[in-house]
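Reviewing the structure listed below.
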2 protein chains.
Amino acid sequence: MDESSPRLTATMEDYLEGIFLLSRDRRVVRMRDIAGHLGVTPSTATTTVQTLAKRGLIAHEKYEDVVLTDQGRAIAEEVLRRHEELRSFLEEVLLLDPDTAEEDACRLEHGISEVTLDRLRHFASAIRGCGNAGAGCMRRFRQQVQTAGVTMEP
Amino acid sequence: MDESSPRLTATMEDYLEGIFLLSRDRRVVRMRDIAGHLGVTPSTATTTVQTLAKRGLIAHEKYEDVVLTDQGRAIAEEVLRRHEELRSFLEEVLLLDPDTAEEDACRLEHGISEVTLDRLRHFASAIRGCGNAGAGCMRRFRQQVQTAGVTMEP
DNA sequence: GAGAAAAGTTTGATTAGTCAAACACCGGCA
DNA sequence: TGCCGGTGTTTGACTAATCAAACTTTTCTC
């Protein structure tokens, strides 16, 4: 219930996003789920959840399950939206394999601006409008990717 | 002269890139130049340069000017290359204004993978092959940007 | 219901990044 | 030559992220 501290770090955004995702799968989200999802030890998960709770983004009582506040959920949804938009651009436009697209989306979602994301979205929709066969430079790009000169795997 | 510690943070990459850039303008790079370029206090610049020196990426004697080692310069050039490739994609393909392109490149350069950067590069060259007028979906995208539906400013 | 196992928390340590304030060095000028 | 101002460094403080180890609480199982 403290709210509005400086600015969230990438890690904090990852925690909120992760908790949001977990809460869509399970009835309750427990500390070990968070630790597992984020790849950290339970003690790290505990302390980070505590700082997020101090900021009013998470509701958490000792030994109880972890729940996002409305504010926390709003941020989590925002981060997830950026993530998904990025991932879909990387996969559908740049034709990256799903794993690379996912990994890069994870890393870029914290730094990209809304304006750029907006452009990415419009660009992807313009590309989709080309149909599967594609035309002009898009067809050329697809062919390049499918053949030699372009890296395919990480 | 310690070398090969874990992995560089985004901040460390920014310091190396900044020092590299500064050393292209000036005869020598001094602590205050670095502090000014990175927007931190001189004391912060000093301590960060010291940790980079411990890792063998910077050569620095107390009160002397700051110089990148070969290893440090190699990393700086790598970061700068990522930065420039990203910036040029954002500006030339997504048609973002120079300031936004620069800012986003600064933030994304640390997280993007080599594979994705490679795709970006090929994509941009395919687009360039379309000529200024553009064709098909590319022309449509350009028109969209120039008119209503797409955010133009930050 | 008692004890063991699992889950969660605390404590103490480390690395990174940052600042303000105090302190040290060095070069120019009077 | 001496000292003053700018430059650089240290010190002390803080936030964030992380772990391992010790400890506490809850939950399960017999």
Side-chain angles (χ1 to χ4, degrees), chain A residues 2-19 22-23 26-67 72 75 79 106-107 109-111, chain B residues 2-19 22-23 26-67 72 75 79 106-107 109-111:
Chain A
D2 193 15
E3 49 76 51
S4 72
S5 310
R7 186 195 266 54
L8 292 188
T9 64
T11 301
M12 289 170 180
E13 288 189 350
D14 283 335
Y15 272 74
L16 295 178
E17 188 189 21
I19 293 165
L22 287 167
S23 67
R26 301 161 166 63
R27 287 189 312 294
V28 294
V29 177
R30 322 228 77 241
M31 219 41 107
R32 77 193 140 84
D33 302 323
I34 298 170
H37 183 82
L38 276 297
V40 298
T41 63
S43 71
T44 301
T46 299
T47 56
T48 305
V49 163
Q50 284 168 347
T51 76
L52 256 6
K54 270 194 225 126
R55 297 201 184 206
L57 305 175
I58 284 178
H60 176 237
E61 295 300 316
K62 246 187 177 185
Y63 301 107
E64 301 292 308
D65 48 336
V66 176
V67 181
I75 296 173
V79 176
C106 273
R107 276 178 281 111
E109 71 190 3
H110 309 290
Chain B
D2 192 16
E3 50 76 52
S4 71
S5 311
R7 186 194 266 52
L8 293 188
T9 63
T11 301
M12 289 171 180
E13 288 190 349
D14 283 335
Y15 272 75
L16 295 178
E17 188 189 22
I19 293 165
L22 288 167
S23 68
R26 300 160 167 63
R27 288 190 313 294
V28 295
V29 177
R30 321 226 81 240
M31 218 43 106
R32 76 194 141 85
D33 302 323
I34 299 170
H37 183 83
L38 276 298
V40 297
T41 63
S43 70
T44 301
T46 299
T47 56
T48 305
V49 163
Q50 284 169 347
T51 76
L52 256 5
K54 270 192 227 130
R55 297 198 184 208
L57 304 175
I58 284 179
H60 177 237
E61 296 300 316
K62 244 188 180 182
Y63 299 108
E64 301 292 308
D65 48 335
V66 176
V67 181
I75 296 173
V79 176
C106 272
R107 275 177 280 111
E109 70 190 3
H110 310 290

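Only heavy atoms go into these numbers, but all of them, side chains included; no hydrogens, no water, no symmetry mates. Quick note on labels: first sequence line is chain A, next is B, and so on, each numbered from 1. If you're wondering where the values come from, they're calculated on a predicted model, not measured in any experiment.
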Atom CG of A:Asp65 and atom P of C:dT9 are separated, to the nearest Å, by 11 Å
Could you list the protein-to-nucleotides 22-27 of chain D atom pairs, N/O on both sides, closer than 3.5 Å?
residue : atom : partner : partner atom : Å
D:dT25  : O4'  : A:Tyr63 : OH           : 3.3

Sorted by chain and residue number, the side chain to side chain contact (heavy atoms under 4.5 Å, CB included) partners of B:Thr9 (sequence neighbours excluded) come out as B:Thr11, B:Met12
When rounded to whole Å, the CZ to C1' distance for the pair B:Arg32 and D:dT7 reads 7 Å
Of the candidates D:dC19, C:dT9, D:dT10, the side chain of B:Thr46 sits closest to D:dT10
Testing C:dA20, D:dT18, C:dT10 for proximity to the side chain of A:Gln50, the answer is C:dT10
For A:His110, the side-chain hydrogen bond (donor to acceptor under 3.5 Å, both in side chains) test, sequence neighbours excluded, returns A:Glu13, A:Asp14
Residues at least two apart in sequence or cross-chain that pass side chain to side chain contact (heavy atoms under 4.5 Å, CB included) with A:Glu64, listed by chain then number, are A:Glu61
query = Within the structure shown, what part of the strands sits under 4.0 Å from A:Thr47 by heavy-atom distance: base, sugar-phosphate, or nothing?
reply = base
When rounded to whole Å, the NZ to P distance for the pair B:Lys54 and C:dT14 reads 13 Å
In whole angstroms, the gap separating C1' of C:dA16 from CG of B:Leu57 amounts to 15 Å
Here the gap from A:Tyr15 atom OH to A:Ile58 atom CD1, rounded to the nearest 0.5 Å, amounts to 9.5 Å
Separation of D:dT9 atom P from B:Leu52 atom CG, nearest Å, is 14 Å
Check whether any side-chain heavy atom of A:Ile19 sits under 4.5 Å from a side-chain heavy atom of A:Leu52, and report yes or no. no
When rounded to whole Å, the CG to C1' distance for the pair B:Leu8 and C:dA16 reads 12 Å
B:Ile34 atom CD1 is separated from D:dT7 atom P, nearest whole Å, by 14 Å
Take A:Val79 and A:Leu16, measure what side chain to side chain contact (heavy atoms under 4.5 Å, CB included) needs, and give me the verdict at the end. CA-CA 8 Å; A:Val79 176; A:Leu16 295 178; over 6 Å; no
With a cut-off of 3.5 Å and sequence neighbours excluded, list every side-chain donor-acceptor pair involving residues 27-44 of chain A.
residue : atom : partner : partner atom : Å
A:Arg30 : NH2  : A:Tyr63 : O            : 3.3
A:Asp33 : OD1  : A:Arg26 : NE           : 3.4
A:Asp33 : OD2  : A:Arg30 : N            : 2.8
A:Thr41 : OG1  : A:Ser43 : OG           : 3.3
A:Thr41 : OG1  : A:Thr44 : N            : 3.4
A:Thr41 : OG1  : A:Thr44 : OG1          : 3.1

Quick note, A:Thr41 side chain, CB onward, closest among D:dA20, D:dG8, D:dT18 is D:dA20
note: A:His60, atom NE2; C:dT10, atom C1'; distance rounded to Å ~ 13 Å
Return no unless some side-chain N or O of A:Thr44 is found under 4.0 Å from OP1 or OP2 of D:dC19. yes
What residues 9-18 of chain B contributes to the DNA chain D interface at heavy-atom separation below 4.0 Å is none
Shortest non-hydrogen pair, A:Val49 vs A:His60, comes out as CG1-ND1, 3.9 Å
As a check of understanding: the bend across the helix from C:dG1-D:dC30 to C:dA30-D:dT1, end axes from five pairs, rounded to 10 degrees, works out to 20°
